[in-house]
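Notes follow the structure.
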Amino acid sequence: MRKIGEIVGESKARVLSDYLYVEGIENQVEEESGEEWSVWVHAEEHVLRGQQLLHDYLSNPADPKFPRIVREAAERRAEEEKSEENYRRKVHSREETLRRAARGSLAPLTLALLGITVAVYVLQQIKGEMGVRSLVISQFYPIGSLVDRLLGLTEIRQGQVWRLFTPIFLHYGILHILFNMMWLVDLGSAIERKEGAATLLLFILVVAAISNLSQFLISGPRFGGMSGVVYGMLGYVWIRGKYDPFSGYFLNPPVVYMMLIWLGVCMVGWIPNVANTVHVVGLVTGMAWGYIASCSRS
């Protein structure tokens with residue numbers, strides 16, 4: 001800091017300090033002795049300009065512009081305090097979210113989805129395909145044009161709308177359900193704690209519907225699993241954390257790379273019988289949702 005001069009009287013010192021502040025010069029005033037106050041500026045490059053403003057004020061302290069400057073300074077400081085408080089609240093929110101995620105506690109909707117999925121898997125093992133046929137998207141394969149394929153969703157057109165979503169509960173093999181549930185617990189709990197069960201439910205329904213419908217149109221009805229929703233969550237958390245640093249979301253880059261590599265391995269056919277369309281569409285839908293949510297907060 002550099003001292004640029006002295007001024008007599010606390011009230012005048014405060015007005016001068018506001019004047020310098022409004023002009024973009026960080027400063028402080030300190031009582032020296034009696035009525036005399038010293039004036040300091042923080043940056044060396046502001047010394048000359050600060051001395052000029054000090055001279056300007058001392059030459060005419062009764063200038064009508066100074067009361068306006070005092071009001072403007074008060075408004076600016078209030079706005080800065082508000083911004084600082086919002087910043088601290090966001091930082092606290094992010095840290096709190098990460099601490100809760102680290103504790104690994106399950107949120108209610110996520111726990112319910114986990115329970116339903118496990119129950120359906122047990123039913124599959126006991127009853128086989130016949131036990132869960134009402135959960136597949138359709139009993140018929142799509143043929144013909146895109147319109148014909150959409151019209152091929154006979155059961156949904158007849159009112160069995162749940163079939164658009166319920167394939168997410170079907171899993172074929174212990175590793176299939178194990179990995180999907182692991183990611184559901186991690187990502188679903190983080191989203192639910194941060195944004196609430198209603199938002200998570202809406203997200204899952206939208207991602208499930210879009211990805212399941214896409215898979216049906218491309219490859220037919222023989223598919224199932226939470227993978228599309230999980231990739232949607234991954235895309236959402238990844239992009240939301242990237243473009244909205246104070247959202248409370250964060251994924252280590254190696255995690256993202258691992259999931260994308262796995263997606264690529266499945267797409268080239270090294271892992272057979274994988275619903276790749278569900279994965280890709282779910283991921284893209286989640287990324288788009290995360291980007292739009294980030295933009296709406298900026």
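Inter-residue side-chain proximity for Asp148 and Ile143 is flagged as unmet; no heavy-atom pair is nearer than 4.5 Å. Ser214 places a side-chain heavy atom less than 4.5 Å from the side chain of Thr277. Under the 4.5 Å side-chain criterion, counting only non-hydrogen atoms from C-beta, Trp37 is not in contact with Leu16.
Close placement of the Tyr231 and His279 rings is indicated, their centers lying within 6.0 Å of each other.
Look at Arg14 and Glu10 and you find a salt bridge, because one of the NZ, NE, NH1 or NH2 atoms lies within 4.0 Å of a carboxylate O, short of that distance.
Annotation for His55: atom NE2 does not count as buried by contact number, only 12 or fewer foreign heavy atoms lying within 6.0 Å. Within a 6.0 Å sphere centred on OH of Tyr291, heavy atoms belonging to other residues, nucleotides or ligands number 12 at most. A 6.0 Å sphere centred on NZ of Lys65 holds more than 12 heavy atoms belonging to other residues, nucleotides or ligands.
No donor-acceptor pair under 3.5 Å is formed between the side chain of His171 and the backbone N or O of Val120. No donor-acceptor distance shorter than 3.5 angstrom exists from the side chain of Asp18 to the backbone of Ile69, with no hydrogens or angles considered.
Put simply, the residue from Phe203, Trp238, Tyr243 that forms a ring-ring contact (aromatic ring centres under 6.0 Å, His included) with Trp289 is Phe203. When Val278, Thr117, Asn212 are each tested for a side-chain contact (heavy atoms from CB on, under 4.5 Å) with Ile168, only one passes: Asn212.
The minimum heavy-atom distance between Ala107 and Arg193, with the atom names listed, is CB-CG, 4.3 Å. Taking every heavy atom of both residues into account, Val207 and Gly282 meet most closely at CG1-CA, 4.0 Å. Closest heavy-atom contact between Leu205 and Phe165: O-CE2, 3.4 Å. Contact record, Val274 with Cys266: CG1-CB, 3.9 Å, taken as the closest heavy-atom pair.
Taking CD1 from Ile210 and OG1 from Thr285, the interatomic distance works out to 4.5 Å, rounded to the nearest 0.5 Å. Note: Ser59 OG to Leu54 CG = 9.5 Å, rounded to the nearest 0.5 Å. Between atom CD of residue Glu72 and atom CZ of residue Arg77 there is a gap of 11.0 Å, rounded to the nearest 0.5 Å. Distance check, rounded to the nearest 0.5 Å: OH of Tyr19 to CD1 of Ile25 gives 9.0 Å. Distance check: Ile191 CD1 to Thr110 OG1 gives 8.5 Å after rounding to the nearest 0.5 Å. Interatomic distance, Arg49 CZ to Asp56 CG, rounded to the nearest 0.5 Å: 8.0 Å.
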Test log, rule side chain to side chain contact (heavy atoms under 4.5 Å, CB included), inputs Glu195 and Tyr236:
CA-CA 12 Å; Glu195 304 190 44; Tyr236 177 80; 2.4 Å; yes
Stepwise, does the side chain to side chain contact (heavy atoms under 4.5 Å, CB included) test hold for Ser134 with Glu155?
CA-CA 9 Å; Ser134 63; Glu155 298 93 340; over 6 Å; no
Test side chain to side chain contact (heavy atoms under 4.5 Å, CB included) on Gln51 and Val41; report intermediate values, then the result.
CA-CA 10 Å; Gln51 290 173 337; Val41 297; over 6 Å; no
Using the rule given for side chain to side chain contact (heavy atoms under 4.5 Å, CB included), can you reason through Val281 versus Gln215, listing the C-alpha separation, both sets of side-chain angles and the distance that settles it, and then say yes or no?
CA-CA 9 Å; Val281 173; Gln215 182 69 40; over 6 Å; no
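The closest side-chain donor-acceptor pair between Glu30 and Gln28 falls under 3.5 angstrom.
Note on Phe223 and Ile174: same hydrophobic cluster, where clusters join Ile, Leu, Val, Met, Phe, Trp and Tyr whose side-chain heavy atoms are under 4.5 Å apart, directly or indirectly. Cluster membership for Trp40 and Leu58, using ILVMFWY side-chain heavy atoms within less than 4.5 angstrom, is not shared.
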